[in-house]
Peer 1: 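Before I ask anything, let me first share the structure, which is written out below as structure tokens.
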Amino acid sequence: MTYVIAEPARTALPVSGEDGLFPVHRIYCVGRNYADHAVEMGHDPDKEPPFFFQKNPDNLLPAGEDFPYPTKTEDVHHEIELVVALAKGGQDIAVDQALEHVYGYAVGLDMTRRDLQAEAKKLGRPWEVGKAFEQSAPCGPIVPAAHIGHPAAGAIWLKINGETRQQGDLDQLLWKVPEAISYLSGLFALQPGDLIFTGTPAGVGPVQRGDQLHGHIDGIGDLEVRVV
Ligand code: MN
């Protein structure tokens, strides 16, 4: 096969404890998946079915690289999130079989141009400008479930310059990982290489140039990112 233009590069993430890379297909994100974050964004967590948006695979920012403060915004927010990496795809996946599709987990950040997202919400427009911009998805290495199992509880937090800004526990997820996979697979044909950012606990807020972000999830690891 030859292409008529230069072939776009495939995005891939390193895998903890393995030599190979994890090739990324799509990035799905779950909205408002912790009750305390739904409340801080002005919503009733008891009334909402899960909803999803996407980022582009090449929006990923691998660990060790700086996050460049993006264009056209003055209010970039951090959202620390558990990331699920799929080894197998499927449609209409049953909740009790969903974890069989998981390759591993990572610590990720759903960086958000909150001002542009808020304007899009107000005008009933899509969220892409707020969510799917360059380097908007910092993500640590994929940690295989074969090594750590499937964490359903454990601390998830984010510090900025050593000060805690977000703190929660994976057991506070409104839609648990198997439920999110199952629900998503009814909407989209999931594929090997898909990532799912599973939502953020309360405490989201702005970042500034020069900030050092330190995210952590018990049992998975740490992600450190500098805003430049
Ligand atoms: Mn998010």
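Just so you know, these numbers use all the heavy atoms, side chains as well, and skip hydrogens, waters and symmetry mates. Counting convention: from 1, in listed order, for ligands and their atoms alike.
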Peer 1: Show, in sequence, the C-alpha distance, side-chain angles and deciding distance for Asp110 and Thr200, and conclude whether the side-chain contact (heavy atoms from CB on, under 4.5 Å) test is met.
Peer 2: CA-CA 8 Å; Asp110 166 16; Thr200 196; over 6 Å; no
Peer 1: Restricting to N, O or S atoms, which atom of Glu81 is closest to the Mn ion (ligand 1)?
Peer 2: OE2
Peer 1: Using only atom types and a distance under 3.5 Å, with no angle test, would you say the side chain of Asp169 pairs donor to acceptor with the backbone of Gly154?
Peer 2: yes
Peer 1: What atom name does the N, O or S atom of Asp110 nearest to the Mn ion (ligand 1) carry?
Peer 2: OD2
Peer 1: Consider only side-chain N and O atoms of Thr11 and Asp58, and report whether a donor and an acceptor are under 3.5 Å apart.
Peer 2: no
Peer 1: So does Gln97 get a backbone contact from the side chain of His101, meaning a donor-acceptor N/O pair under 3.5 Å?
Peer 2: yes
Peer 1: Which atom, counting only N, O or S, brings Glu79 closest to the Mn ion (ligand 1)?
Peer 2: OE1
